Amino acid sequence: MLSEKPAGATVREAGPEDAVCGVTPRWVALPETVEEIASVLRACAERGLAVVPAGGGTKLHWGPPPERLDVLLDLCCMNEIVEHAAGDLVVRAQAGVTMDALASALAETGQELALDVPFTEGTTIGGTLAAAVAGPRAFRYGTARDLLIGITVVLPDGTVARSGGKVVKNVAGYDLGKLFTGSFGTLGVIAEATFRLHPLPADRRWIVAVVEPPRVSESGPCQARELAAMLAAAQEEPSAVELDWPHGQGPIWMTVLVEGAAAEDRARTLAARMGEVVTAVRDEPPPQWGLIVDDRLLAEVRFPPAALTEVLDAVHYTGFSLRGSAVAGRLWLELWGEEGRAGEEDEERVTGAVAALRDRLEGCGARLVVHATPYESVQRWGRVGALPLMRRVKERFDPGRVMSPGRFVGGI
C-alpha cells in the first residue's frame, strides 16, 4: 500500500474519473520533482504495484487497457520550463508542460518548437513524446525524435537516467530519447526533455487545392501523387502538404503550407505550378488543420510516399475519413457517419473493415495501427517484425512488468 507519501509526493485515492480505458487505479500520485517521481516508482517497485503515467489525458485512451493498474502517475504538477537558452535555440522543460503553454513562452522570444500536436489544448510534452505523434510540418522540421536532443527519465526501479544534453550534438552511446519516444509509458517515466528550437517564421501562407480521387483501375494519373511529388522537390520548400478526404469519397482537399521569408511570393509561384486545382492562397490555415477530430476509433497509416495512389485507393469507400501528410507518409483515419458519432458501430463490421483495409495497405508497403477503438476484437497492430527485439527491451528496462503492462504492441 501507499499509505505514506513517498518522499513528499502527494498521493490521493483514485476515483472513476481517473480510469484508463475503463480500468480504475487505486491511487493517484502527483509528483512535483524528478526526485518525487523516483520515490514513487521505488515504492511501487518494492510492492509490485503497476503504474501508468499520465499527462493531459488527451491520448490516455489510446492503446489497450492496462492488464492491471494500481497507481496513476499524474504529471500535471511537473509543469515548469526549466531553462530556455534563446541564443542556442534550446529549451528544457518538465514533462507536464502543455504544448500551448510552451509555445506561448517561446513566442515571446520569437522562437518555436516545430511540433504540431493534434489537439487544441491539454497536450503535454511527455504525452507528445510517449505517443510519438507527428504533425503536418514533420516533413520540413522532423518528428519529436528529430527535435529531441536530451531527456531525463525515471526507470521502473526509481533510477534517474539522462541522455543527451542541452546543446545540439550527436549523443554517443545508448539513446534514451529515441528509445522512450513512442514507448507509450511502458519503459519508464519521461520527466524532462530538451529540444532544438527554430525561429518563428516571418510569414505563412496556405495554398488550398481540390484534386480528384485516384482511379487505379483506369491506370490514369493520380493528381494527388503527382502534385505531392512535385511539391516535395520544389525549390520553394513547402513545410507541409496535407490531404483532407472527408468520408473517403468525393474530391480530396490538398493544403500546402509555405513559411518564412517571401512566403506569399513563394506560395503564389507554387500555386501557379499546381494549376487550376488551386482554389485560394490564404494567410490563415483551413479549419481543423492538423487536428484529430474524433478519436473514438482512430487509425494511423504510415507508407512510402511513392505508394500514395495505392493508399488512397485502399481507403476509398471504406467508411473512414482521411487526413494527413502526402509527403511525409503519415495519415490519420477516423470512422465517420451517423453511427460513428453515436458510438453504436457494429463491432463485426468495423473489425472486418479494419482487417480488410490492413490487408490492402500491407500489399502496397503501408502499415496500419489502430490507436483507439471501443472494440476488443479489432486487431490493433498487424504484423510487427521488430516485436522480439521490443520484448527484449521491455525485459531489460521493466522485468517486473510494472510500467503500463499490456498497453503496447504484443502485450508489452
Side-chain angles (χ1 to χ4, degrees), residues 21 59 62-67 128-135 138-139 142-146 148 151 153 155-156 163 171 173-188 190 295 297-315 318 320 322 324-333 350-373 375-399 401 403-412:
C21 295
K59 298 173 286 297
W62 290 15
E67 294 173 2
T128 298
L129 289 173
V133 176
F139 169 66
T143 65
R145 280 187 173 93
D146 302 308
L148 182 71
I151 194 169
V153 300
L155 305 182
S163 178
V171 179
Y174 209 41
D175 195 329
L176 291 176
K178 286 183 170 57
L179 191 62
F180 272 68
T181 302
S183 63
F184 281 85
T186 57
L187 301 179
I190 298 170
D295 63 347
L297 196 149
L298 177 72
E300 182 180 12
V301 180
R302 298 192 181 188
F303 62 97
L308 178 62
T309 302
E310 292 77 12
V311 169
L312 294 175
D313 185 60
V315 175
T318 58
F320 286 96
L322 175 152
S325 176
V327 288
R330 289 184 177 89
L331 298 169
W332 296 111
L333 300 180
V350 172
T351 301
V354 169
L357 179 57
R358 177 175 281 122
D359 286 343
R360 294 194 65 186
L361 290 170
E362 289 181 347
C364 61
R367 181 166 182 261
L368 181 145
V369 172
V370 179
H371 287 295
T373 172
Y375 302 127
E376 294 184 5
S377 61
V378 171
Q379 221 294 332
R380 295 175 180 267
W381 313 107
R383 292 188 292 271
V384 182
L387 185 56
L389 174 61
M390 296 169 72
R391 284 181 169 146
R392 289 197 296 271
V393 171
K394 173 69 170 178
E395 174 66 21
R396 167 66 179 82
F397 279 83
D398 184 23
R401 292 184 53 79
M403 295 302 309
S404 303
R407 293 274 285 159
F408 202 23
V409 56
I412 290 175

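All values below come from the heavy atoms of this structure, side chains included, with hydrogens, waters and symmetry mates left out. What you see is a predicted model; the values in this text were computed from it and never measured.
- Within the model, atoms CE of Met390 and CG of Leu187 stand 9.0 Å from one another, a figure rounded to the nearest 0.5 Å.
- Shortest non-hydrogen contact noted between Ser377 and Thr351 is OG-OG1, 2.8 Å.
- Rounded to the nearest 0.5 Å, atoms CG (Leu361) and CZ (Arg302) are 14.0 Å apart.
- Note: Phe408 CZ to Lys394 NZ = 10.5 Å, rounded to the nearest 0.5 Å.
- Residue Ala326 comes nearest to Pro305 through the heavy atom pair O-CB, 4.1 Å, listed as atom of the first residue, atom of the second, then distance.
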- Take Asp313 and Arg360, measure what side-chain contact (heavy atoms from CB on, under 4.5 Å) needs, and give me the verdict at the end. CA-CA 9 Å; Asp313 185 60; Arg360 294 194 65 186; 2.9 Å; yes
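- Using a distance-only test at 3.5 Å, with no hydrogens or angles considered, a donor-acceptor pair links the side chain of Arg407 to the main chain of Pro64.
- The side-chain heavy atoms of Ile190 and Ile151, taken from C-beta on, include a pair separated by under 4.5 Å.
- Closest non-hydrogen pair, Pro304 versus Gly365, comes out as CD-O, 3.3 Å.
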- Which is it for Ile412 and Phe184 under the side-chain contact (heavy atoms from CB on, under 4.5 Å) test, yes or no, and what are the steps along the way? CA-CA 10 Å; Ile412 290 175; Phe184 281 85; over 6 Å; no
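- Here the side chain of Arg380 pairs a donor or acceptor atom with the backbone of His371 at under 3.5 angstrom.
- Contacts of Arg145 classified as side-chain contact (heavy atoms from CB on, under 4.5 Å), with partners at least two apart in sequence or in another chain: Ala132, Thr143, Lys178, Thr181.
- Scanning all heavy atoms of the two residues, the minimum distance from Cys364 to Val311 falls at SG-CG2, 4.1 Å.
- Panel note: side chain Ser404, backbone Gly185; a donor-acceptor pair is recorded below 3.5 Å.
- Legend: residues meeting salt bridge (Lys or Arg N to Asp or Glu O under 4.0 Å) with Arg401, ordered by chain and number and at least two apart, are Glu67.
- Under the 30°/60° scheme for interplanar angles, the aromatic rings of Phe397 and Phe180 are found to stand perpendicular.
- Considering all non-hydrogen atoms of both residues, Ser325 and Ala328 come closest at OG-N, 2.8 Å.
- Here side-chain hydrogen bond (donor to acceptor under 3.5 Å, both in side chains) pairs that include residues 381-391, with residues two or more places apart or in two chains, are Glu362-Arg383.
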- Residues Tyr375, Val370; criterion side-chain contact (heavy atoms from CB on, under 4.5 Å); working and verdict: CA-CA 11 Å; Tyr375 302 127; Val370 179; over 6 Å; no
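- Leu387 and Val409 make their closest contact through CD1-O, 3.8 Å (heavy atoms, listed as atom of the first residue, atom of the second, distance).
- Between Leu312 and Leu322, the closest side-chain pair of non-hydrogen atoms falls below 4.5 Å.
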- Derivation of the side-chain contact (heavy atoms from CB on, under 4.5 Å) call for Thr186 and Asp398: CA-CA 8 Å; Thr186 57; Asp398 184 23; over 6 Å; no
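- Here the side chains of Thr318 and Leu333 are not in contact, with every heavy-atom distance at 4.5 Å or above.
- Donor-acceptor pairing under 3.5 Å is lacking for the side chains of Trp332 and Asp295.
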